[in-house]
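Below you'll find the structure, written out as structure tokens, and then a few comments.
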Amino acid sequence: MKWRPRKPIPWDELAPPGMNGRKRWWGSVAALAVAVFWALSLFGDACSYEIKGYEHRIELYGAYGASFPINLFDDMLWPSLWGFWFALIIPPVQAVQNYQSHYRGSRSIYLMRRLPDRWEFHRRCLILPLLELAAVLFLLAALTVGFYFLYRGCAPGGSLPLYWDQGPVYRFFYDLFT
């Protein structure tokens with residue numbers, strides 16, 4: 001098979017006329033990188049804090065300290081995902097901005113509606129926000145599963161709360177992977 005160079009992504013065709021599609025996409029990627037860093041640092045700090053607290057209780061109370069479980073998975077998960085909840089707000093706002101941009105300046109809505117491809121208008125307004133939304137949801141799901149395995153793997157033996165005391169997210173993943 002002959003090697004062919006890959007075609008570059010036509011970023012400007014994925015954004016409304018006059019907007020830089022590449023700049024918008026990389027801005028969204030930067031926002032997602034900040035959300036991932038935020039989530040990893042907060043969940044890692046919460047895990048290390050709980051493990052150190054558990055070890056401290058063992059030192060103070062001996063075997064009796066082992067009966068004090070570490071925090072629930074759901075209580076540690078939700079604060080670490082705040083960046084993703086903010087990132088879920090951005091794509092719908094961008095879609096509305098894309099549609100409204102055709103009503104301002106020289107970017108006429110009437111011209112876009114007269115194009116031979118009748119989906120061109122909607123494609124230019126919705127593709128980038130939908131790609132961003134898909135990336136946010138994928139990263140949210142992947143990090144949640146990763147955090148579940150981190151929580152289960154890093155907890156000292158016997159320190160996890162009982163199944164029915166855990167939250168619904170933990171119980172869902174426990175039933176899914178066990």
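Side-chain atoms are counted along with the backbone in the values below, which use heavy atoms only and exclude waters and symmetry mates.
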Full working for side-chain contact (heavy atoms from CB on, under 4.5 Å) between Leu133 and Leu88
CA-CA 7 Å; Leu133 191 62; Leu88 281 173; 3.6 Å; yes
Are Phe149 and Phe177 an aromatic pair by the rule of ring centers under 6.0 Å?
yes
Between [X] and [Y], which heavy-atom pair has the shortest distance, and what is it?
| X | Y | answer |
| --- | --- | --- |
| Ala15 | Gly21 | CB-CA, 3.7 Å |
| Pro17 | His102 | CD-NE2, 3.5 Å |
| Leu143 | Val36 | CD1-CG2, 4.1 Å |
| Pro79 | Leu42 | O-CD1, 3.6 Å |
| Gln94 | Glu132 | OE1-OE1, 2.6 Å |
| Ser101 | Pro16 | OG-CB, 3.8 Å |

What's the spacing between [X] [atom1] and [Y] [atom2] if we round to 0.5 Å?
| X | Y | atom1 | atom2 | result |
| --- | --- | --- | --- | --- |
| Asp75 | Glu50 | CG | CD | 9.5 Å |
| Leu130 | Cys125 | CG | SG | 11.0 Å |
| Thr144 | Asp74 | OG1 | CG | 10.0 Å |
| Leu131 | Ile9 | CG | CD1 | 9.0 Å |
| Asp45 | Leu40 | CG | CG | 10.5 Å |
| Leu140 | Leu32 | CG | CG | 10.5 Å |

Can you spot which of Phe73, Phe43, Trp78 makes a ring-ring contact (aromatic ring centres under 6.0 Å, His included) with Phe147?
Phe43
Does Trp11 have any ring pair (Phe, Tyr, Trp, His ring centres under 6.0 Å) partners at least two apart in sequence or in another chain, and if so, which?
Trp25
With sequence neighbours left out, write down each residue that passes ring pair (Phe, Tyr, Trp, His ring centres under 6.0 Å) with His122, or none if nothing qualifies.
Tyr99, Trp119
Hey, any chance [X] and [Y] share a hydrophobic cluster, counting ILVMFWY side chains that come within less than 4.5 Å of each other, even indirectly?
| X | Y | answer |
| --- | --- | --- |
| Val34 | Val93 | no |
| Val96 | Ile127 | no |
| Phe121 | Leu128 | no |
| Ile90 | Val29 | no |
| Met76 | Trp82 | yes |

Looking at Phe138, I want to see if its CZ is surrounded by more than 12 non-hydrogen atoms of other residues, nucleotides or ligands under 6.0 Å.
no
Does a donor on one side chain and an acceptor on the other come within less than 3.5 Å for Asp175 and Tyr170?
no
Taking atom types as modelled and ignoring hydrogens, do the side chains of Tyr151 and Gln166 form a donor-acceptor contact shorter than 3.5 angstrom?
yes
Quick one: sort the Phe173 and Tyr148 rings into parallel, tilted or perpendicular, breaks at 30° and 60°.
tilted
Once side-chain hydrogen bond (donor to acceptor under 3.5 Å, both in side chains) is applied, do any residues pair with Arg123, and if so which ones, sequence neighbours excluded?
Asp117, Glu120
